[in-house]
K.L.:
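Have a look at this one before I ask anything.
A, B, ... follow the sequence lines: proteins, then strands. Residue 1 opens every chain.
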Amino acid sequence: MASFGLWWGGVGHWDVFVAIYLFLGGISGGSFLVASIAEWFGERRQQTGYAHISRWGWTLSFGTIVVGSWTLLAHLSGPFLRAFMFPVKFTNWTSWMAIGTWVVVTFSLVVMARMIWATFGTAAVDDPSGLPRHLVDRAGFGLTDLVDRGADLTRPTGVLRRLVQVAGVSLAVMLVIYTALLLSAVGWLVPLWNQTLLPPLFVASGFSAGIALVIAVTAWQHDLDGGLIHRFGLLDDAVIVVEGIVLATLLYTLTTGGAAAARTVDGLTSGSGLLLLVGMVSAGLLLPLAISAAQELLGSDSLFASRQVMTAKFGLVIAGSFLLRVLLIFTALQQPIIVT
Amino acid sequence: MSSDAGDGLTRRTLLKTGAGAATMAALGGCADTARQLGIGQTDRSATPVADANVAYGNCWMCCHNCAQEVKVSDDGTVVGITGVDGNPRGSAGPGTEGTLCPKGLGQLDKTHDPERIKQPYIRVDGELQEATWDEAFEYTAERLREFDDEHGAETFLDAGSWAETPIFRTIWRDLYGTPERIGRGIHVCAGPTFVNGGMMGVGSNARVPDYQNSEYLIMWGRNPLEAFAGQFEAKGILKAIEENDATLVTIDPQYTETAEKSDAWLPIEPRTDGALALAMANVIIDEERYDADFVENHTYGFEAYREAVADTTPEWAAEITGIGAETIRAIARDFAEAAPQAGISVWSGTAQSGNGWKATQNIIALNGLVGNIDRPGGLRLWKSTPMADPFEVCEWTPEGKGSGAARGTETTIGVDLPNNAEGKTPAFRKYDEYSDYPARHITGIAHNLVPEMVENGHINGMYCHHDMPLKDGNAEAWLTALDEMDLVIAVDAYWNGVTRNADVVFADATQLEKDTIGTGSWSSYSEAQWVVGGKAAVEPQFNTKPDYEILTGLAEAMGWGEYFPWEDHEAFIDDQLQSVDLTLEELSTGEKNYAIVGEYGYEQWRESDGPAFRFDLDQVPSFTAAAQEAGMDTAPSWQPPGTYGDSLDETYPLEFYDVRSVYFSHGSDQGIDRLLEQFARKNDLHDEEYRGNYLHINPVDAEARGIEMGDMVTVESKTGGGELMAHVTELIKPGVVTSEYGFGEGSTQQDYEGLNTMKLHETQMDPITGQVDRHIAVDVTGGE
Amino acid sequence: MGEQWGFYFDSDKCIGCHACSVSCKQRHGRDPEQDEWRTVKNVTTGEFPDVSSLPISMSCMHCSDAPCEKVCPCNSIQKREEDGIVVVDRDSCIGCHYCGWACPYGAPTYDDGGIMSKCNLCIGEGPGGGHEMPPREEQEDGGAQPACVDNCVGGAIQAGPVSELKEQATTEAVERFEQEPANVIVEANRDDTTAFPYEA
């Protein structure tokens, strides 16, 4: 009888550190976008809230990408120091890992600059959003003075400033997209890492998590105008809806794919895969939208408008974004070899 | 199981330490940092194997002498191993590639294995203690003298098995004077096949047909693509398929690699092979497809045979065997049609059951029926290479050996060996206690009865040399017997249930550490005789000795030094090789280490008078006596499972028997990590820590017991049981469970992981030869 | 560009013995429990008694369009001009495992110090062997016979310049080969029916 068998290869070449890194990369890019949006609107409207949001945005974006870079190094199995040779060694431009590493490096520099320009020198503030300067102060060594002067000397204006804004936003988007392309570059072999759908999914997820993180932190540190929170909240909801549609499409394409796609679906609908999926969808998509809906319906005086609920909602979004990366790393499968 | 990696098992110290250092996070030292950063060069140009010195050997992992080419580095480490092109056992014939199977490759690991027995041990005050060789020899000589005084030398059992020199027989039989001997072939391997074959006229050649010239091959209860006795079997079968378009048929309750390459696989009900054979004969005789000329002119007993199969139709057999009648018919017809270029291979699968005698007789009879006896492609009467008897041909100067003896000048030929076992009868035939066993007419001992003999004081001691009797039958009783025996002398390379319980342990050097020769009969050269050999490729490792030196050292201590005038094993071997006009040096120098030393044609039976083949064994007195006592016909006939041995019932509804794999042979290789690893991979269970044997069980039986792949399960018979890991597979008949032998308690596997399959066994046996019946009624429990 | 080297695998002759896996590990000095550069697996299908269990031996295929080479950020993996063998420079590999995801055949392994190692068609010995070695030579010119070829009991594996391998392959196998990126010619000549002409 003519029959064929399947030789399933190994799975799980990457660990949780990669998932964490992808999450932090996404949230870092998203935070940067939020900071940029706040900066844009802050120029046009007179609300101090926007300035706070911008500053927190740059700071959180910088913090998450720094931590992210370390988790990226943590997953490497080679000799510890060798990864630092990357400026010399990462020369394969057909590899998203090489391209992406440079994006991370450049982006980190830009976000660090934006953060410094926004919190040092003439831009220095006393409120919590001036955290970077407070930390440098605490470190001592007269660094604060040094950075203040440096910031004032190098802060761009005019056309240069516009260029930096545009470049920054581009890099932020590229950062998130590259984390998706890293996976989808082998999407021909791993059906879960769909080449068309993964980039928009990551951008939406990263952006939404970025909004959640920045707004939540800013709202806790300052008395942010409710309307401002509300507007960003709506933006978040819109992004979440897009994310949901893309994810649904991705899952649907899996059900009509080949052997590996079918087995991935099996993995997603049973055991720990199912738990991850349900967790991710609930935390990242359904519950936040439900809470928003409740807030809309019940008005701004209700319980749902409280700061705690807002924080809970944004916390769920962030958790969902992380769970999405975990899901994508741990339930991914390579195509089997078909043996006839 | 992770062994002490790198401790003598790998020789890549250069690369290993380089990589190891590089993974350390510590930043100590410039060299480390450079390596970490990847600036230091990994040495890629070193080619230890390619640059090493070449040496040769004959593989002794399964003891069937495929030729080996070994690469030895200057410091005496074996770094590479492979086969020798064109060699008789390990290639497909002249001009073909020589290879080594996983076992042969494992010889590399075995040579330097730190888990080996590294020096002699003697038992003092109940404990095994390290000893020097001299101490061990003296101690043993003393114990042997005491043993003779107290029990009589004739109660000492020679259980030497895979020794690489025949002189142990000289020592125990001719010199020490014991008639007690338990060998492999009849007693634990395939007694029915060998003895039947001998009586029917074909010797033990029913095992290995003339593969390469065959057009139709039936592997009956055999799996020669995995459990081969020399790679030439697997290669020969594949060659017959490719070049002769041969049809391959496998008859086996399990779907093996041989079944996979077969044109037909008959998943027969275990122990019903005899019925299938009778049905085939029924068709062949009924449809007059047999070789009338051969049958009428060169056989005896055809009428009895014809009568015996008159009613054994395929329909009758179909009900018993579970094989369709039309299939039986088709195979019988095609086999007869292809004959004489048609062959059947039978060995332990059909022999190791209670009704194995009749099964093998019925099957072997088919060969005579179709007239393939010693014809190309059929049942070849392989001729082994005659070796000279060194005790007869050696040229030496008496009194020129030994310490302090006066040197004579007169040379003489031969050694005047005493025959101290003469006139002594083995216990099996001597005492009334065993008068119920028909096998005493056929053979001098039965494996299963040794424990009883120990209890009766008929056997009080044993010499065990490269063997593992605890895997061969009634393990529990044997363990007790080992304890009870007064003197156990063991020669072995690994710790196991025998060596751990011995009074003397002589640390054996392994194959590549000795001068050796090997020969045999069957090979990939259908018409040639051969010999293979090699000088020691490396020094004896640790503080071990080649067995020739162990035995001559012992002989010396017993005062028998005068009977061993050879300077060393090479001199002894050179005397053996006199028959083929070679020396070991000549044999093992050059591009290869084997020689084709003679030729012989087919139809050798034409050279002698009398029938070439017997269907009916009523003219063989020893058999007729045994058969009568056992209640058996002398002609082929049907004996259902359970006639002797176990029947399945409600308490024990599954049929268990043990099997072989390509990774292990006999009982000595189960301790080698590399082979255990591959065995685990073959069973898809290498991700588990467990490295024992597996219980192969069909999903139907597994699900009924809540058992899943990888579960630890318990197998029990009415005699005993044990635990092992389940391998749930569709490749086995429901109702049947199997496991590889040589594991579990008392085995060479260091952790005793797995089941000693013979813990399930009591004394079930074939009544004619005493061959252990390994088909046991069991049940399996242990799933969730 | 020199002559592309590849493998030839005849599944009719593979008996699933794993001698190739063992021989490979021994040639390159790797411990028994380490991951395999050449793996044998039985692909089993069906339900008793309609079963099949085909053994397959696989290693790096030295693909013409090697996905591993494309994704390695450090350019540690290179398909050599001289003989088409895909080798890894273990001095620059950082152990990111990207090649593991990219390889359809599971060829990369990482347990030689966390750095990638794999089949190098025996142009060198050991995990580092291969990179920067001279062009692969055939056995008659002094090149080492690949370990897996050397000890394949069934004679199922061959290796050499692809043009030579094509000469001994069947037409179907060559056709199949030319459609695949992998440099292995696979024979699968078995007739489709197992129980012909015998019905069980």
K.L.:
Under 3.5 Å, is there a donor on one side chain and an acceptor on the other for C/D10 and C/Q158?
P.N.:
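No, no side-chain donor-acceptor pair sits under 3.5 Å.
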K.L.:
Sort out for me which of B/T82, B/T729, B/L225, B/V700 touches chain C most, counting heavy-atom pairs under 4.5 Å.
P.N.:
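Top count of heavy-atom pairs under 4.5 Å with chain C: B/T82.
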K.L.:
Suppose the criterion is salt bridge (charged side-chain N to carboxylate O under 4.0 Å, His left out): which pairs have a residue in residues 136-149 of chain C, not counting sequence neighbours?
P.N.:
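Pairs touching residues 136-149 of chain C that pass the test: none.
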K.L.:
If we define contacts as heavy-atom pairs under 4.5 Å, which of C/Q145, C/M133, C/E36 has the most with chain B?
P.N.:
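Between C/Q145, C/M133, C/E36, the count favours C/E36.
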K.L.:
Please round to the nearest 0.5 Å and tell me the distance separating atom NE2 of C/H28 and atom CD of C/Q34.
P.N.:
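One gets 12.0 Å once the value is rounded to the nearest 0.5 Å.
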K.L.:
Given that the side chain runs from C-beta out, which part of B/A50 has a heavy atom under 4.5 Å from chain C: side chain, backbone, both or neither?
P.N.:
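Its backbone and side chain both get close to chain C.
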K.L.:
Which of the residues C/G95, C/C152, C/G155 is involved in the greatest number of heavy-atom pairs with chain B at under 4.5 angstrom?
P.N.:
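Top option by heavy-atom pairs under 4.5 Å: C/C152.
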K.L.:
By a 4.5 Å heavy-atom criterion (distance strictly below it), what part of B/K733 contacts chain C: side chain, backbone, both, or neither?
P.N.:
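The answer is both parts of B/K733.
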K.L.:
Tell me, please, whether C/F7 has C/R38 positioned over its six-membered ring: NZ or CZ under 6.0 Å from the ring centre and within 45 degrees of its axis?
P.N.:
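So C/R38 does make the cation-pi contact.
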K.L.:
Going by an N to O cut-off under 4.0 Å, is there a salt bridge joining B/E677 and B/R691?
P.N.:
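Salt bridge between B/E677 and B/R691, a charged N being under 4.0 Å from a carboxylate O: yes.
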K.L.:
Counting only non-hydrogen atoms closer than 4.5 Å, does B/L105 touch chain C with its backbone (N, CA, C, O), its side chain (CB onward), both, or neither?
P.N.:
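Both the backbone and the side chain of B/L105 come within 4.5 Å of chain C.
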K.L.:
Which one, C/S23, C/A144, C/P55, C/A147, leads in non-hydrogen pairs under 4.5 Å with chain B?
P.N.:
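If we count pairs closer than 4.5 Å to chain B, C/P55 comes out on top.
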K.L.:
What closest approach, in Å, do C/W37 and C/C24 show between heavy atoms, and which atom pair accounts for it?
P.N.:
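The answer is CB-SG, 3.7 Å.
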K.L.:
Using heavy-atom distances under 4.5 Å, tell me whether B/E730 contacts chain C through its side chain, its backbone, both, or neither.
P.N.:
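Answer is both: backbone and side chain atoms of B/E730 are under 4.5 Å from chain C.
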K.L.:
Regarding B/Y255 and B/E260, do their side chains bring together a donor and an acceptor under 3.5 Å, going by distance alone?
P.N.:
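Yes, B/E260 and B/Y255 have a side-chain donor paired with an acceptor closer than 3.5 Å.
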K.L.:
Could you tell me the separation between the CD atom of C/E132 and the CD1 atom of C/I123, rounded to the nearest 0.5 Å?
P.N.:
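Answer rounded to 0.5 Å: 11.0 Å.
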K.L.:
Please evaluate residues B/I218 and B/I331 with respect to the criterion side chain to side chain contact (heavy atoms under 4.5 Å, CB included), reporting the C-alpha separation (whole Å), side-chain torsions for both, the decisive distance (0.1 Å), and the verdict.
P.N.:
CA-CA 9 Å; B/I218 300 180; B/I331 290 187; 4.2 Å; yes
K.L.:
Chain B heavy atoms under 4.5 Å from C/N42: which part of the residue, side chain, backbone, both or neither?
P.N.:
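When you check distances to chain B, only side chain atoms of C/N42 fall under 4.5 Å.
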K.L.:
With a 4.5 angstrom heavy-atom cut-off, is it the side chain or the backbone of C/T44 that approaches chain B, or both, or neither?
P.N.:
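Interface part for C/T44: side chain.
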K.L.:
Please rank B/K682, B/K235, B/K239 by heavy-atom pairs under 4.5 Å with chain C and give me the top one.
P.N.:
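Among B/K682, B/K235, B/K239, the one with the most close pairs to chain C is B/K682.
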K.L.:
State whether C/R80 and C/E82 are salt-bridged, where the test is any N-O pair (Lys NZ or Arg NE/NH1/NH2 against Asp/Glu carboxylate O) under 4.0 Å.
P.N.:
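Counted as a salt bridge, because a side-chain N and a carboxylate O are separated by less than 4.0 Å.
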K.L.:
With a 4.5 angstrom heavy-atom cut-off, could you sort out which part of B/Q678 is near chain C: side chain, backbone, both or neither?
P.N.:
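Backbone plus side chain of B/Q678, per the 4.5 Å heavy-atom cut-off to chain C.
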K.L.:
Test side-chain hydrogen bond (donor to acceptor under 3.5 Å, both in side chains) on B/S661 and B/E226 and set out the steps.
P.N.:
CA-CA 6 Å; B/S661 83; B/E226 292 184 81; over 6 Å; no
K.L.:
Are there residues of residues 13-22 of chain C that reach to under 4.5 Å of chain B by heavy atoms, and which ones?
P.N.:
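Heavy-atom contacts from residues 13-22 of chain C to chain B are C/K13, C/C14, C/I15, C/G16, C/C17, C/H18, C/A19, C/S21, C/V22.
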K.L.:
Enter the distance from B/S262:OG to B/I251:CD1 here, rounded to the nearest 0.5 Å.
P.N.:
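So the OG of B/S262 and the CD1 of B/I251 are separated by 10.0 Å.
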K.L.:
Could you tell me if C/S92 and C/S76 have a donor-acceptor pair between their side chains, going purely by distance under 3.5 Å?
P.N.:
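Distance-only check passes for C/S76 and C/S92.
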K.L.:
Is B/I732 close to chain C through its backbone or its side chain, or both, or neither, when contacts mean heavy atoms under 4.5 Å?
P.N.:
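For B/I732, the backbone is the part near chain C, not the side chain.
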K.L.:
What option among B/Q231, B/K71, B/R329 has the most heavy-atom pairs under 4.5 Å with chain C?
P.N.:
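Greatest number of close heavy-atom pairs with chain C: B/Q231.
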